[in-house]
A.B. asks: 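Just passing along the structure, written as structure tokens.
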Amino acid sequence: MGQLLKKPKTKVLKQGVTLVHDTEAEKAPLKYVSFKLVDIQANAIYEETLGSYECCIVVVRGTVTVTDGEHVFSNIGTRSSVFERKPTDSVYLSNGRSFTVTGTSEACIALCYAPSNKQLPTKLIKASDVGIENRGQLQNKRLVHNILPDSDKTANSLLVVEVFTESGNWSSYPPHKHDEDNLPYESFLEETYYHEIDPPQGFVFQRVYTESRNIDETMAVENGDVVIVPAGYHPVGVPDGYASYYLNVMAGPVRIWKFRNEKDHEWILSR
Ligand SMILES: O=C(O)C[C@@H](O)[C@H](O)C(=O)CO
């Protein structure tokens, strides 16, 4: 297996709290992004103190109460499956904050991190604040939930987005990259993909490849896998009969998402 596909590796942290993914523990080759996925049973409590990282807690499914000791966001989360295709609630927390997440039902949370040295207010990003966007045409149609886009100044460097791609369609396509710190033409942003598939026995394909091909991995991604994108193009193709969900976390030196499409495939956009 290559370096970029991470299978779930469950670790019980305490009764009712299971760590499913941890890109740092997996030694992902990333400097700006880290990602955890945690399952929480009802009434169980996950707790953490952030060091030099800011964090966006996305309630992937189920409901939870989040507090940083100052603010309490009770019973947040909107869906029992991502495939309800409705936006969810999230909480932004600055570096240095301590927080707890208590399951108010059985729940799954994503913890999306990026380095930060700036104190910003804790904020509830309500499902109703999430921008909904339909992108693309033909078999390139996909639905996007913008949780923390670059136009929203809640975070210092984190960008967070959910993407739904229906059966037979392609997303993160035509292939684009954001691996050169060369604004205004392109920004450098690392990225992680947390994938779910409906029905769960399915798979999707994701290729991650750089211009030079020093990275070139084509992966069969299964339900619950994480894909690391340290650099390069990163398209996703969804087989007939299956629907794809992924949660993207991006961060880099400048909080701007400025990508470049691969020239050979840009014609896809003008059909
Ligand atoms: O538009 C899409 O298909 C989603 C992608 O833009 C995805 O969020 C990404 O690759 C960000 O760079």
Side-chain angles (χ1 to χ4, degrees), residues 4-5 23 28 30 32-33 35 56 58 60 82 85 87-88 90 110 112 114 125 130-152 155 157-197 204-211 215 217-219 221 225-239 242-262 265-266 268-271:
L4 305 180
L5 179 64
T23 57
L30 298 176
Y32 292 99
V33 172
F35 179 81
C56 177
V58 178
V60 176
V82 298
R85 295 170 178 73
T88 189
S90 303
C112 315
I125 304 160
V130 171
I132 299 177
E133 201 186 327
N134 286 291
R135 282 189 199 154
Q137 54 164 347
L138 305 169
Q139 272 64 59
N140 193 200
K141 277 190 190 146
R142 64 270 193 209
L143 167 69
V144 177
H145 290 167
N146 288 301
I147 296 174
L148 271 179
D150 60 3
S151 54
D152 176 339
S157 61
L158 263 178
L159 299 165
V160 181
V161 63
E162 292 183 313
V163 180
F164 299 82
T165 314
E166 299 303 330
S167 162
N169 283 9
W170 287 74
S171 58
S172 296
Y173 187 81
H176 70 260
K177 72 178 187 75
H178 34 73
D179 62 9
E180 287 176 48
D181 189 6
N182 182 27
L183 285 165
Y185 308 104
E186 187 173 340
S187 54
F188 177 85
L189 295 170
E190 297 173 343
E191 187 164 7
T192 56
Y193 276 70
Y194 165 66
H195 287 269
E196 291 196 15
I197 296 160
V204 301
F205 292 110
Q206 184 162 25
R207 183 181 178 200
V208 179
Y209 60 107
T210 53
E211 206 81 65
I215 298 176
E217 285 190 30
T218 302
M219 291 158 267
V221 179
D225 290 350
V226 165
V227 171
I228 308 293
V229 184
Y233 304 102
H234 39 275
V236 174
V238 182
Y242 293 94
S244 147
Y245 160 90
Y246 50 80
L247 171 69
N248 290 142
V249 186
M250 289 182 276
V254 185
R255 189 169 181 267
I256 296 178
W257 181 47
K258 181 71 187 173
F259 61 86
R260 264 200 304 136
N261 292 317
E262 191 173 21
H265 309 300
E266 210 165 26
I268 295 292
L269 295 173
S270 47
R271 283 172 298 167

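Just so you know, ligand 1 is whichever comes first in the structure, and atom 1 is the first atom listed for that ligand.
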A.B. asks: The criterion is side-chain contact (heavy atoms from CB on, under 4.5 Å); which residues satisfy it with Ile132, sequence neighbours excluded?
C.D. replies: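 Ile132: side-chain contact (heavy atoms from CB on, under 4.5 Å) contacts with Pro87, Leu143, His145.
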A.B. asks: Is there a side-chain contact between Asn146 and Asp152 (heavy atoms, below 4.5 Å)?
C.D. replies: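 Contact flag for Asn146/Asp152 side chains = no.
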A.B. asks: Kindly indicate whether the side chain of Pro253, heavy atoms from C-beta on, has any atom under 4.5 Å from the side chain of Phe188.
C.D. replies: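 Yes, at least one pair of side-chain atoms sits under 4.5 Å.
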A.B. asks: With sequence neighbours left out, what residues match Leu30 under side-chain contact (heavy atoms from CB on, under 4.5 Å)?
C.D. replies: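 Only Ala28, Val33, Glu190, Thr192, Ile228, Pro230 meet the side-chain contact (heavy atoms from CB on, under 4.5 Å) criterion with Leu30.
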A.B. asks: If a pair satisfies salt bridge (Lys or Arg N to Asp or Glu O under 4.0 Å) and one of its residues is in residues 172-182, list it, with sequence neighbours excluded.
C.D. replies: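 Found Lys177-Asp179, Lys177-Glu180, Lys177-Glu186, Glu180-Arg260.
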A.B. asks: Taking Gln206 for its side chain and His234 for its backbone only, find out whether a donor-acceptor pair lies under 3.5 Å.
C.D. replies: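 Checked: pair present.
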A.B. asks: Does ligand 1 have any N/O pairs with the protein under 3.5 Å, and how far apart?
C.D. replies:
{"unit_1": "ligand 1", "atom_1": "1 (O)", "unit_2": "Arg135", "atom_2": "NH1", "d": "2.6"}
{"unit_1": "ligand 1", "atom_1": "1 (O)", "unit_2": "Arg142", "atom_2": "NE", "d": "3.2"}
{"unit_1": "ligand 1", "atom_1": "1 (O)", "unit_2": "Arg142", "atom_2": "NH2", "d": "2.9"}
{"unit_1": "ligand 1", "atom_1": "3 (O)", "unit_2": "Arg142", "atom_2": "NE", "d": "2.7"}
{"unit_1": "ligand 1", "atom_1": "3 (O)", "unit_2": "Arg142", "atom_2": "NH2", "d": "3.4"}
{"unit_1": "ligand 1", "atom_1": "3 (O)", "unit_2": "Ser172", "atom_2": "N", "d": "2.7"}
{"unit_1": "ligand 1", "atom_1": "6 (O)", "unit_2": "Arg135", "atom_2": "NH1", "d": "3.4"}
{"unit_1": "ligand 1", "atom_1": "8 (O)", "unit_2": "Asn248", "atom_2": "OD1", "d": "2.7"}
{"unit_1": "ligand 1", "atom_1": "10 (O)", "unit_2": "Ser172", "atom_2": "OG", "d": "3.4"}
{"unit_1": "ligand 1", "atom_1": "10 (O)", "unit_2": "His176", "atom_2": "NE2", "d": "3.0"}
{"unit_1": "ligand 1", "atom_1": "10 (O)", "unit_2": "Glu191", "atom_2": "OE2", "d": "3.4"}
{"unit_1": "ligand 1", "atom_1": "10 (O)", "unit_2": "Tyr193", "atom_2": "OH", "d": "2.9"}
{"unit_1": "ligand 1", "atom_1": "10 (O)", "unit_2": "His234", "atom_2": "NE2", "d": "2.9"}
{"unit_1": "ligand 1", "atom_1": "12 (O)", "unit_2": "His176", "atom_2": "NE2", "d": "2.9"}
{"unit_1": "ligand 1", "atom_1": "12 (O)", "unit_2": "His178", "atom_2": "NE2", "d": "2.8"}
{"unit_1": "ligand 1", "atom_1": "12 (O)", "unit_2": "Glu191", "atom_2": "OE1", "d": "3.2"}
{"unit_1": "ligand 1", "atom_1": "12 (O)", "unit_2": "Trp257", "atom_2": "NE1", "d": "3.0"}

